[in-house]
J.: 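Would you mind keeping the following structure in view while I ask a few things?
This is a predicted model, so every value here is computed, not measured. Residue numbers start at 1 and run along the sequence shown. Whatever order the structure lists ligands and atoms in, that order sets their numbers, starting from 1. No hydrogens, no waters, no symmetry mates; every other heavy atom, side chains included, goes into these values.
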Amino acid sequence: MADKFEFQTEVNDLLNLMIHSLYSNKEIFLRELISNASDALDKLNYLCLTDENFKSLSYTPKIDISFNKDAKTLTISDSGIGMSKDELITNLGTIAKSGTKSFIKELSGDAKKDSSLIGQFGVGFYSAFMVASKIDVVSKKTNTDEAFKWSSDATSYEIEKTQKDTHGTSITLYLNDDEFTDEWRIENIIKKYSNHIPYPIFMDKTEYVAPKDDEKEPSYETKNTQINKASALWRLNKASIKTQEYNDFYKQISHDSTDPLLHMHTKAEGKIEYSTLFYVPATQPFDLFRVDYESGVKLYVKRVFITDDAKELLPPYLRFIKGVIDVEDLPLNVSREILQENAIMRSVKEQSVKKILSELAKFKQNDKEKYLKFYEIFGKVLKEGLYGFGNDKDAILELTLFKSSKRDGLISLKEYKEAMKEDQKSIYYISGNNENMLKNSPLLESFKAKDIEVLIMDEEIDTIVMPMVNEYDKTPIKSVSHADINDEIKVDEEQTKVDESKVANTLVKMREILKDEVKDVRISSRLSDSAAVLIYDKNDPDFAMQQMLKQMGQSDLPKVKPILEINAKHEIYAKLEENPLMTSDISRALLDIARLESGEPIQNPSEFAKILTKLMIKAI
Ligand code: ADP
Ligand code: MG
């Protein structure tokens with residue numbers, strides 16, 4: 001007797017999508033089923049090497065594909081770990097991860113693009129319903145006696161006891177049409193997506209037999225043939241691998257249907273022996289900015305798959321990298337602790353990071369256009385590596401690009417340095433979240449006047465990491481919103497003293513009036529048109545940084561007071577000096593205007609409105 005089950009609601013939604021919306025790239029269902037079979041073989045393989053109960057097991061790890069043209073069925077069988085009844089229910093009736101929700105959210109309506117997302121979201125099995133109206137899964141878990149048959153028409157499913165001689169899983173698809181019972185077509189799909197899975201895939205193939213001398217007609221015979229290479233691509237010699245093969249392997253491990261931008265293949269044979277094959281994708285993975293992102297790097301030890309869930313294999317700022325690390329001298333039962341503390345692993349990680357960063361530097365040098373494409377997608381992530389005190393900061397800085405106050409497009413720090421004025425002491429930047437506002441900030445007036453380039457940093461991550469980057473290639477990097485650059489861009493000291501004396505009384509009054517809101521009111525040397533500007537003390541976080549810290553949950557920040565710098569040459573101060581009656585209102589208005597100009601909210605909008613109205617009436 002079969003037990004009947006309903007799918008989890010999420011699975012129902014997903015199946016509806018599979019059947020009704022995603023139909024342009026149906027062939028990937030085979031990649032997904034083969035990938036699951038390969039995973040199941042990985043799991044069993046690993047147990048055989050590490051678990052006493054499995055050590056005596058003898059079996060041939062392989063995948064078999066067969067089809068029946070008349071019945072329109074296609075069967076994919078593996079000799080892997082298999083599934084118990086409970087596992088059939090959880091694995092093929094529910095979605096454990098937050099997979100579907102994110103998947104459904106990511107959908108763009110472009111069926112081709114959408115179907116390429118399937119594998120990335122851990123919903124691969126269900127893609128078989130794109131081509132089949134009914135699916136049977138017969139499975140026997142290794143080292144158990146019972147076998148079960150899971151059967152579904154995509155509305156609900158049934159499970160019943162059945163007979164199966166060997167452990168593993170056999171999946172039969174009842175196809176909607178006969179496209180996928182064509183021998184040649186299946187062979188091609190396997191070669192395209194699954195050529196380098198580590199296990200052989202067998203299929204009956206019709207082979208042409210040349211006519212013998214006394215026969216006129218050629219004949220054909222059917223032979224069970226291995227279709228894929230089943231070689232660990234990363235172990236092969238670089239020279240023997242074509243770009244196409246590298247790209248195909250990428251698609252297989254990443255479930256991404258777009259060619260990667262770059263591959264980096266290393267075989268180290270020094271003190272520590274290991275191989276790595278890394279890829280830089282050309283598209284952004286959906287979970288790039290999620291805390292629970294999936295690691296894209298698989299760890300092998302002596303060709304045995306260990307884990308694809310070890311985020312510590314590469315630093316988080318390289319989480320966009322996909323690929324394989326295969327280490328020779330590690331025990332197979334490496335635990336998470338070992339991964340973190342093992343000296344060999346640490347060294348492999350260090351070398352890998354160096355390699356990736358240097359390959360990216362070459363990439364930037366050799367193909368700027370393509371590099372820009374890379375940077376647009378992954379630049380933000382890469383810049384996370386500038387946080388803290390890592391050894392790789394210099395190498396990462398070489399890879400960064402920024403907008404500029406003087407040039408279009410993105411420039412590197414090297415390009416900035418090359419264009420520096422002779423007497424220019426530092427690299428200057430302004431940060432915040434609105435490019436237009438930054439470019440027009442009063443803080444840039446003196447730089448514009450002196451024709452000094454300023455880097456425009458309008459990404460959130462800039463605000464966080466740039467204060468931690470003190471220099472590039474021995475040149476200090478400084479924010480224009482900090483007080484300590486005044487000396488570097490001072491115009492004329494004598495003149496400043498003269499200006500100061502002209503507004504002395506006003507300055508004293510303004511300090512008194514604004515003392516609760518600003519640390520100080522000072523004469524500025526960085527303004528030419530604006531009347532006033534807000535800056536921050538060298539060791540105080542500027543406004544963008546304060547916002548950032550708040551967003552990151554630091555709500556107990558002490559109140560940081562800015563410094564109001566005033567432009568002593570501006571006629572408003574000369575007039576106030578003559579006629580100080582309205583100094584209080586005007587000081588407050590000047591402070592609020594300076595706030596607005598630097599993107600800060602004004603503290604008391606209704607008071608600001610009142611003052612402004614009063615001043616307007618006066619003006620009329
Ligand atoms: P994912 O492979 O990303 O986990 P899938 O939808 O492709 O997502 O598969 C769901 C789960 O079903 C797998 O994680 C696995 O536990 C189980 N499964 C699928 N196919 C097999 C198989 N051939 N042998 C053993 N388990 C399988
Ligand atoms: Mg899968």
J.: Cation-pi check, Lys355 to Phe278: give yes when NZ or CZ is under 6.0 Å from the six-membered ring centre and within 45° of the ring axis, no otherwise.
T.: no
J.: How about Thr155 and Asp153: does a side-chain donor come under 3.5 Å of a side-chain acceptor?
T.: yes
J.: Glu27: which residues meet the salt bridge (charged side-chain N to carboxylate O under 4.0 Å, His left out) condition with it, sequence neighbours left out?
T.: Arg185, Lys192
J.: Can a side-chain donor-acceptor contact be found between Asn228 and Asn195 if the only test is distance below 3.5 angstrom?
T.: no
J.: Can you list the atoms of ligand 1 that are under 4.0 Å from a heavy atom of Met83?
T.: 17 (C), 18 (N), 21 (C), 25 (C), 26 (N), 27 (C)
J.: Under 3.5 Å between some N or O of ligand 1 and some N or O of Asp39?
T.: no
J.: Distance-only criterion, 3.5 Å: show the donor-acceptor pairs between side-chain atoms of residues 36-43 and protein atoms not counting sequence neighbours.
T.:
residue : atom : partner : partner atom : Å
Asp42   : OD1  : Tyr199  : OH           : 2.7

J.: Can you sort out which atoms of ligand 1 are near Gly124, meaning under 4.0 Å from one of its heavy atoms?
T.: 5 (P), 6 (O), 7 (O)
J.: With distance as the sole criterion, is a donor-acceptor pair present between the side chains of His196 and Ser231 under 3.5 Å?
T.: yes
J.: Give yes or no for whether the N/O distance cutoff of 3.5 Å, strictly under, is met between Tyr126 and ligand 1.
T.: no
J.: Is there a nitrogen or oxygen of Glu32 sitting under 3.5 Å from a nitrogen or oxygen of ligand 1?
T.: no
J.: Identify the two heavy atoms, one from Tyr293 and one from Pro316, that lie closest to each other, and give their separation to 0.1 Å.
T.: OH-CA, 4.0 Å
J.: Please confirm whether Phe125 comes within less than 3.5 Å of ligand 1 when only nitrogen or oxygen atoms on both sides are compared.
T.: yes
J.: Just jot down the ligand 1 atoms closer than 4.0 angstrom to any heavy atom of Ala40, in number order.
T.: 24 (N), 25 (C)
J.: Could you tell me whether Leu92 approaches ligand 1 through its side chain, its backbone, both or neither, with non-hydrogen atoms closer than 4.0 Å?
T.: side chain
J.: Please determine whether Ser35 has a backbone or side-chain N, O or S atom lying under 2.8 Å from the Mg ion (ligand 2).
T.: no
